[in-house]
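Structure first, commentary second.
Lettering follows sequence order; numbering is per chain, from 1. Just so you know, these numbers come straight off a predicted model, no measurement behind them.
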Amino acid sequence: MKLITCGLPYANGKAHIGHLRTYVPADVYVRYLRMFGEEVIFVCGSDCHGTPIVINAEKEGLKPKELVDIYHEHFQEVFRKIDVNFDYFGRTDAEYHHERTQEIVKRLLENGYIYPKEIELAYCPNCDRFLPDRYVEGVCPYCGEIARGDECDQGCGRHLEPGEILEPRCKICGAKAIYRKQKHYFFRLTEFKDFLLEFLGKLGGTENALNYAKQWVTMELKDWCITRNLEWGVKFPGEDLVVYVWVDAPIGYISFTEKACEGRIDWRDIWLRNKAEIVHFIGLDIVYHHCIFWPAMLKGSDYSLPNAVVASGMVKVEGKTFSKSRGYVVWVEDDYLASGLNTDFLRYYLVNYTSHQKDLNFSWEVFGDKINNELIANLGNFLYRVTHFAWKNFDGEIQAKVDRNAMNAIQAAIKKIKEALENWEFKVASDAFMELSSFGNNYFQNAKPWDLIKSDRNECEKAVATCLQIAKALVILSYPVLPKTMKKFSGFLGFDVEKATTDDALKIESFKIKKPEIPFTKVLPEKIAELEDTMHKRIAMAEKKEEKEFEETGKETREVKEVVGEIENVKGEVEDVKEKEGEIVMEENPSEISFDEFKKLDLRIGKVVKAEKIEKSKKLLRLEIDIGGEVRQVVAGIAEYYKPEDLIGRLLPILVNMKPAKLMGVESRGMILAADVNGEPVLLYPDKEVKPGTKIR
RNA sequence: GCCGAGGUAGCCUAGCUGGUUGGGGCGCCUGACUCAUAAUCAGGAGGUCGGGGGUUCGAAUCCCCCCCUCGGCACCA
C-alpha cells in the first residue's frame, strides 16, 4: 500500500500553473501506480491557518473561515476540472484535523520534546501589537551597535535572543516598544540532529530535495518556536495560543488520510504501524519543512516516517522567473480553463516538458507546438486513423491476430514506464507511450492496409488488429497523463480504461470498434496568439503598476518603503512562503509624514571621490563621498550593478544623517538613494552639475 | 565568498562506473504516400559535448583551473 500526498495549497490565493507543477505529476504517478495494480491512497487539502489568511480576511472584510471557504472551493474545483483526483481533499480548519493536531502536540509534550519558555516579545503600545523581530530596532547589548530584534546585523553579528536587545523601538511608528513576557512553546529540534542525518541518508525521493535537506541539517539546527499569538488556528493545549501553521499543516497528511480511509482501511496501519509507503510530493520551496521539521515531529510522536520526498522544480513563464506581481503567471482558472482548451493538453505539457526536478518553462508558443506536433500529430492521429480505418472497412469487427513485434513493443513501453516511475521521471514515462505511438504509425505505414484492403483482406485484418492492439495499449498507458481524452476514447475501442490495468494492454482479444471521433482538436494559432496577448497585457500592466507605486513611494524614505514593501511582498511563490512564515505580519501603515519630520532628513548631493569593492562581499561597495567640505565613507549595496570606476566623480543624492552602521566590518556613515527596480538599484543624478553638499528638499 | 544543481545542434534532452562513426524528440530541408486532424513514413542538413590544461593507446564521460546560468547561506541602512 502507498500513501501519496501533495503539499497543501495555501487558502489565500488562486491556483496557478506553479501549483499544478506538483499536483499533476503526483496525480499521474498515482494513476500509473493503480494501473500497475498498486493500492494507493492519495490525499491533499487546504492549508487554512496562519497570519496572512487572517490579515487578508480582515482586508476583505471577511472572517478567516469565509476567506478560506472561497479558496478551498476554488482549489477543489480546479482539481476536479483538471482531473487531479484526490481520495480526500480536506481542510486544516476542520474539527478532525484540529483533534489530530492536538493529539500529536500532546504526544510531543508527553515525550518531552516540547518545552515552555518565557520569552519577552517586543510590543508596541502605540500600534497595539506584538512586533516581529525585524520590526524591532534597538542597541546590541554586546557591541553597542544598532541591531534588529533577532540579530546584531550591523555590528558584531551575534544572534540575539528575544529580550536581549536594549532600547527597543517600533520600526513602524518609532514609538518605544515595551517588552511583554509571554510563555511560548518550543520544539526540541536540536535533539533530532543525529536522527535526521541518518533518516535523510535513507530517505527516497528526488535529489534536489535531499541535497538541500542534508545541507540544512549539517548546519545549525535551532529549537523551534511552535506557538503564536493568534485566534485563528489550532489551539495549543491548555493555553491561549495557537499552534504555528507549519506544525499543523503537514499533520493534514495524517488527518486527511484518516478521512480517506474511513470505512475501508485502518489509517493506523499507515501512520502508526508502518505498513504503507509514504510519499510526499512538494514544491522545492518547502523542502525544509518536509525533510527536517516534519520527520522530527513524526519521530517525536512515534508516527510513521515518510519514505520519499519528491520535489518538483520551479516554473518559469515565457522564459522569465515566475512572478505574480510582474505578470509572469498563468492562472489555472482565468487563463487556462477559461480558454476552453482540453485540460489534458496542460497535463501533457507539464509532465512531458522536462524532468520533474528541473525548471519547467511555460510558453504558449511551445505549448501549441508540443500539443499540435507531438500529442495530436503522433498519438491523436494514430488512434484515430487506426480506429477509423477499422470501423470503415471492417464495420469495427476485427479478429485478434496480433504481430508479436507489436506485443514486444508494448511490453517494452510498460517496462520503461515502470522504471521511469521508480526514478520519479514522469517525462520518461510519457515519452514511453509517445514512442509506442510512433511505432504504431510506423507499423501502419509499412503495412499499407489501405492497399491490402483491396488485395488481401485477411492480411489487412492482421495489420489492423495489430494496430488496434497498439491503440488499446496506448489508451491505457497514456490514460494517467490524459485521463479525460482516453476515458472517452476507450469507449470507441470497446472498453473502459478506468477499469483497465497494464495487463489489459497485453491481453489479446477481438475488437468491436464503434465509430470513433477525433480524440483531440488542434490548438489554433489564433488561440495561442490570444493567450499570448493576454499574457503580454498582464505584464505591461504589472510594469505600469510598479512604476506608479514607485512614484507614490518615491518620496518616502527608504526605511518606510522597506517596511511597507515587506508587507506587500508578493513577488512570487517563494515570497509567499516567507510571508506565511513571518512571525507576526504587520498591517499596512499609511506612513504619511509631516514636513517637520521630513526636515529631519539631511539629504544632500554628494560626489564620489573614491569607490572600491569590499572584499568577500558580493553586493557591497565602499564609497568615499564628498558631501560638501567633508568626505564620508558610505557602504552601498550596488556592487552587482555598478563598477567602482564608473562611479568616481559622479553626483549622487545621499542621506547624510543616517545612523552609522557597520557592514562586513566597514563603517557606513550615510546612505545613497537609488530607485529600487525589482531589487536592482538605479542611481539618481541631479539634472545639472551642482556642488557637492547641495541640500536636497 | 561558501554550498548545492547544471552548462550536449534553434528548443527539450539521453549518454556521464572512460572505448566502435555522441543517441532521441520538436523545428528545418528533400523525397514517398494518402487510411488519417496538411496528419504519416523514408532520407538529410545541423554539435569545437561551456573554455583551458592534464591523466590515458583512447574522454562528453576521470583530475585541476577558469567562465556562465539557477537555487540556498552570508550580505543589500
### Query
With a 4.0 Å cut-off on heavy atoms, is A:Asn441 in touch with a base, just the backbone sugar-phosphate, or nothing at all?
sugar-phosphate
### Between A:Asn352 and A:Arg347: side-chain donor-acceptor atoms closer than 3.5 Å
no
### Query
A:Phe389 side chain: which of B:C35, B:U37, B:C70 is closest?
B:C35
### Query
Distance between the C1' atoms of B:C63 and B:U30, in whole angstroms?
46 Å
Polar atom pairs (N or O), protein with nucleotides 2-7 of chain B, under 3.5 Å:
none

### Query
What nucleotide, of B:C35, B:C26, B:U40, holds the atom closest to the side chain of A:Phe444?
B:C35
### Task
Go through the side-chain N and O atoms of A:Asn361 and A:Ser363 and say whether any donor and acceptor fall under 3.5 Å apart.
no
### Query
Does B:G47 pair with anything, Watson-Crick or G-U wobble, both distances under 3.5 Å, and if so, with which nucleotide?
none
### Task
Scan every strand shown for a Watson-Crick or G-U wobble partner of B:G71, both distances under 3.5 Å, and answer none if you come up empty.
B:C3
### Query
Can you tell me how far C1' of B:G43 sits from CG of A:Asn442, to the nearest Å?
13 Å
#### Entry: Pairs flagged by salt bridge (charged side-chain N to carboxylate O under 4.0 Å, His left out) wherever residues 439-454 of chain A is involved - sequence neighbours left out
none
### Task
Just jot down the side-chain hydrogen bond (donor to acceptor under 3.5 Å, both in side chains) partners of A:Glu624, sequence neighbours excluded, or say none.
A:Arg622
### Message
Between the base of B:C35 and the ring of A:Trp450 - centre-to-centre under 5.5 Å, planes within under 30° - is that a stack?
### Response
yes
### Query
What's the closest nucleotide to the A:Asn373 side chain, out of B:U37, B:A36, B:G27?
B:G27
## Note on the structure
Atom NE2 of A:His388 and atom C1' of B:A39 are separated, to the nearest Å, by 13 Å
### Whole-angstrom distance between B:C29 and B:U69, as gauged at atom C1'
33 Å
### Query
Is there a Watson-Crick or G-U wobble partner for B:G27 with both distances under 3.5 Å, and if so, which one is it?
none
### Query
Does the pair A:Asn393 and A:Arg457 meet the rule for a side-chain hydrogen bond (donor to acceptor under 3.5 Å, both in side chains), with working shown?
CA-CA 10 Å; A:Asn393 295 292; A:Arg457 195 178 166 81; over 6 Å; no
### Message
Work out how far the C1' atom of B:G1 is from that of B:U20, and round it to whole angstrom.
### Response
46 Å
### Query
Under 4.0 angstrom, heavy atoms only, what part of the nucleic acid is A:Phe382 near: base, sugar-phosphate, or nothing?
nothing
### Message
Rounded to whole Å, please give me the gap between CD1 in A:Ile625 and C1' in B:A77.
### Response
13 Å
### Task
Sequence neighbours left out, what passes side chain to side chain contact (heavy atoms under 4.5 Å, CB included) with A:Lys320? Give chain and number order.
A:Tyr328
### Message
Whether A:Arg632 and A:Glu630 form a salt bridge (side-chain N of Lys/Arg under 4.0 Å from carboxylate O of Asp/Glu) is what I want to check.
### Response
yes
### Message
Just the rounded figure in Å: distance from P of B:A14 to OH of A:Tyr353.
### Response
13 Å
### Task
Select from A:Val634 and A:Gln445 the residue whose nearest nucleotide in RNA chain B is closer to the 5' end of that strand.
A:Gln445
### Task
Write down the distance between CG (A:Leu383) and P (B:A39), rounded to a whole number of angstrom.
17 Å
#### Entry: Interface with RNA chain B, restricted to residues 414-429 of chain A and to heavy atoms under 4.0 Å
none
### Query
For A:Asn381 and B:C41, what is the distance between atoms CG and C1' respectively, to the nearest whole Å?
12 Å
### Summary
Mate of B:G58 across any strand shown (Watson-Crick or G-U wobble, both atom pairs under 3.5 Å) is none
#### Entry: Euclidean distance for C1', B:G50 against B:U61 (whole angstrom)
15 Å
### Summary
Taken to the nearest whole Å, NZ/A:Lys448 to P/B:A32 is 13 Å
### Query
Taking for each residue the nucleotide of RNA chain B bearing the nearest heavy atom, is the 5' side occupied by A:Lys316 or by A:Tyr384?
A:Tyr384
#### Entry: Sequence neighbours excluded - salt bridge (charged side-chain N to carboxylate O under 4.0 Å, His left out) pairs with any residue from residues 360-372 of chain A
A:Lys370-A:Glu374
### Query
Across the strands shown, which category fits A:Thr521 at heavy-atom distances under 4.0 angstrom: base, sugar-phosphate, nothing?
nothing
### Query
Expressed as a whole number of Å, how far does the C1' atom of B:G46 sit from that of B:G27?
12 Å
### Query
Is it true that A:Glu419 and A:Lys416 have a side-chain N and a carboxylate O under 4.0 angstrom from each other?
no
